[in-house]
Visitor: 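Just passing along the structure, written as structure tokens.
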Amino acid sequence: MKIRTRYAPSPTGKMHVGNLRSALYEFLIARHAGGDFMLRIEDTDQERFVEGATEIIYRTLQTAGLIHDEGPDKDGGFGPYVQSERMQTGIYMKYAKELVDKGEAYYCFCDKERLASLKTEIMEGKEITVYDKHCLSLTREEVEKNLAEGKPYVIRQNNPREGETTFHDELYGDITVKNEELDDMILIKSDGYPTYNFANVIDDHTMHITHVVRGNEYLSSSPKYTRLYEAFGWEVPTYVHLPLITDENHKKLSKRSGHSSFEDLTEQGFLPEAVVNYIALLGWSPEDNREIFSLDELIRDFDYHRISKSPAVFDMVKLRWMNGEYVKAMDFDIFYAQAEPYLKQTLTKGQDLKKIAQMVKTRIEVFPDIPSLVDFFEELPEYDAAMYAHKKMKTTTESALGVLKDVLPILTEQEDYSNDALYQALLKYVEEKGVKNGYVMWPIRTAVSGKQMTPAGATEIMEILGKEESLARIQKGITLLEQTQ
Ligand code: GLU
């Protein structure tokens with residue numbers, strides 16, 4: 001049997017990390033097995049529909065590289081691929097009526113007031129009004145009469161009150177629930193639209209879906225879906241319900257966290273490949289402890305049996321690290337094209353941006369780290385004289401003043417301000433003095449950058465700054481140190 005998976009988003013806004021993970025795992029399961037990955041738009045809940053959300057879905061899948069084989073824009077013979085269009089074909093009503101004929105579903109004409117008077121139960125933190133099967137007792141004639149009169153109705157699933165329903169999930173194993181806990185959920189709403197609960201079963205079956213991956217918030221509905229499959233005599237697909245993704249505080253990822261959607265992350269400068277790689281590991285791990293995977297490598301190695309059911313923590317520090325690994329591995333020209341606008345944010349004096357880009361490439365995690373890393377090339381920041389004292393380099397403010405005074409004439413005489421030439425000139429001084437490199441280089445680097453951490457060493461920085469600016473900064477350092485002596 002050909003493996004067929006689907007990503008079935010509802011167009012309700014941005015694409016959340018949890019949705020992207022479902023899409024990715026569906027994609028990987030299909031690709032790994034040489035199967036088909038399908039996109040289906042679930043827009044039956046017209047109230048939640050958000051303008052532009054479908055475009056976000058296409059854009060996100062495209063950017064993330066999760067290319068679907070079938071979907072609204074790519075017919076694969078199982079269309080239509082948008083639920084509102086499927087509804088127009090009458091497919092949901094046809095199957096709902098089939099269930100009515102089998103006694104597995106029934107028409108319900110209860111009005112709002114009556115439904116409101118039904119008792120409400122709290123199930124899994126949600127308020128659920130369990131329908132009391134009032135309309136199940138209507139005779140066929142009464143139903144016909146109501147329909148002929150045009151009375152509004154819904155069609156409900158008819159779940160037995162006795163017995164149990166068992167279904168299997170790949171992560172959670174066999175789950176059994178008592179049928180008395182199963183509400184007679186609505187299959188067809190009064191506006192004629194199917195509910196998601198009904199449509200997903202009809203669609204997954206008629207579109208030959210073999211594996212259903214979704215968040216574990218759907219676990220509690222799965223017995224009802226399973227009963228629908230059984231009522232039709234259809235095979236139940238393989239269920240994979242994914243664990244919750246939490247933030248660092250073990251709370252559900254929320255919009256407020258600022259990194260809950262794919263577009264939030266790419267807007268913050270994360271690379272799509274790094275985000276996809278990171279998301280793959282939110283619940284799944286390979287046999288070895290490898291962490292960096294291209295999409296092709298994920299396709300090769302992904303095995304859904306290795307998904308863990310413990311909650312996955314979205315760790316920003318880890319994602320930043322991973323992004324940094326991708327930045328390091330980037331081809332320089334591609335890196336430069338993306339880095340240039342960030343460099344230009346702070347550098348306006350015609351500095352050698354390519355050279356600076358080379359310095360920062362291995363030192364940033366995300367592109368927006370660039371401006372604050374290179375701003376000292378534009379202007380020497382205010383800094384504290386205490387920065388000259390460094391334990392490991394064995395420097396003090398006093399020794400630093402001595403060094404700066406010594407090297408000022410050397411650097412004034414020096415004509416060639418290339419990194420190599422500067423380095424040789426200073427090395428000569430180091431050797432004459434019989435001191436360690438850092439004893440000399442630390443004060444110089446401090447003077448020319450005004451920073452504790454820089455993306456390059458003293459001589460590389462001076463090469464970029466040029467002679468005049470370098471000397472001015474060293475002179476400034478001398479003045480600052482003299483004031484503090
Ligand atoms: N339309 C549902 C959602 O966006 C899909 C759930 C499923 O994959 O079955 O949450």
Side-chain angles (χ1 to χ4, degrees), residues 3-30 36-50 52-58 60-61 64 66 68 70-72 78 80-87 92 124 126 167-172 185-187 189 193-229 234 236-245 252-255 260-263 279 283 304 307:
I3 301 284
R4 283 175 56 83
T5 65
R6 90 301 195 265
Y7 175 50
S10 304
T12 55
K14 287 187 175 174
M15 193 151 153
H16 287 262
V17 165
N19 294 125
L20 184 61
R21 182 184 54 173
S22 298
L24 175 61
Y25 288 5
E26 299 261 15
F27 170 84
L28 294 175
I29 290 172
D36 298 328
F37 172 59
M38 183 185 99
L39 173 65
R40 181 174 76 224
I41 303 293
E42 304 206 320
D43 62 344
T44 56
D45 196 346
Q46 296 289 305
E47 281 166 26
R48 288 176 62 221
F49 182 80
V50 171
T54 313
E55 288 68 38
I56 294 181
I57 292 167
Y58 282 113
T60 304
L61 291 178
L66 310 183
H68 50 280
E70 285 172 37
F78 290 90
Y81 293 87
V82 180
Q83 282 183 334
S84 57
E85 289 170 26
R86 294 177 74 72
M87 190 194 84
Y92 304 116
E124 293 172 14
K126 272 195 228 150
F167 69 96
H168 182 77
D169 177 88
E170 286 299 315
L171 270 65
Y172 294 83
M185 66 177 181
I186 295 174
L187 307 179
K189 296 182 276 189
Y193 273 90
T195 55
Y196 156 76
N197 290 324
F198 187 51
N200 91 86
V201 170
I202 302 302
D203 291 345
D204 285 341
H205 174 75
T206 55
M207 296 168 126
H208 297 199
I209 297 304
T210 57
H211 293 65
V212 169
V213 179
R214 59 184 159 218
N216 67 8
E217 66 268 27
Y218 288 99
L219 209 49
S220 59
S221 301
S222 295
K224 290 181 265 190
Y225 304 154
T226 304
R227 283 204 44 78
L228 286 173
Y229 283 105
W234 294 342
V236 182
T238 301
Y239 291 134
V240 182
H241 286 92
L242 301 177
L244 191 72
I245 301 176
K252 200 176 165 190
L253 264 200
S254 70
K255 279 191 194 148
S260 61
S261 84
F262 181 75
E263 295 206 330
I279 285 179
Y304 68 84
I307 301 173

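Read the numbers this way: they start at 1 and go in the same order the structure lists the ligands and their atoms. Start at 1 with the first residue, then count along the sequence. As a basis for the values below, the full set of heavy atoms in this structure was taken, side chains included, without hydrogen atoms, waters or symmetry mates.
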Visitor: Can you check whether Ile202 reaches Trp234 side chain to side chain, under 4.5 Å on heavy atoms?
Guide: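 With C-beta onward as the side chain, the pair touches.
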Visitor: Once side-chain contact (heavy atoms from CB on, under 4.5 Å) is applied, do any residues pair with Ala53, and if so which ones, sequence neighbours excluded?
Guide: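 Partners of Ala53 by the side-chain contact (heavy atoms from CB on, under 4.5 Å) criterion, ordered by chain and then number, come out as Pro11, Val50.
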Visitor: Among all residues two or more places apart in sequence or in another chain, which pass the side-chain hydrogen bond (donor to acceptor under 3.5 Å, both in side chains) test with Lys189?
Guide: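 Here no residue qualifies.
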Visitor: Side-chain contact test, heavy atoms from C-beta onward, threshold under 4.5 Å: evaluate it for Val201 versus Lys224 and give yes or no.
Guide: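 Val201 vs Lys224: side chains apart.
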Visitor: For ligand 1, what are the residues with a heavy-atom contact below 4.0 Å?
Guide: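 Near ligand 1, by chain and number: Arg6, Ala8, Pro9, Ser10, Glu42, Tyr196, Arg214, Tyr218.
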Visitor: For Tyr7, is there any backbone N or O sitting under 3.5 Å from a side-chain donor or acceptor partner on Glu26?
Guide: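 No, Glu26 side chain to Tyr7 backbone: no donor-acceptor pair under 3.5 Å.
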Visitor: List the residues meeting side-chain contact (heavy atoms from CB on, under 4.5 Å) with His241, not counting sequence neighbours, and say none if there are none.
Guide: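 With neighbours one apart ignored, the set is Asp169, Tyr172, Arg214, Asn216, Tyr218, Leu219, Ser222, Tyr239.
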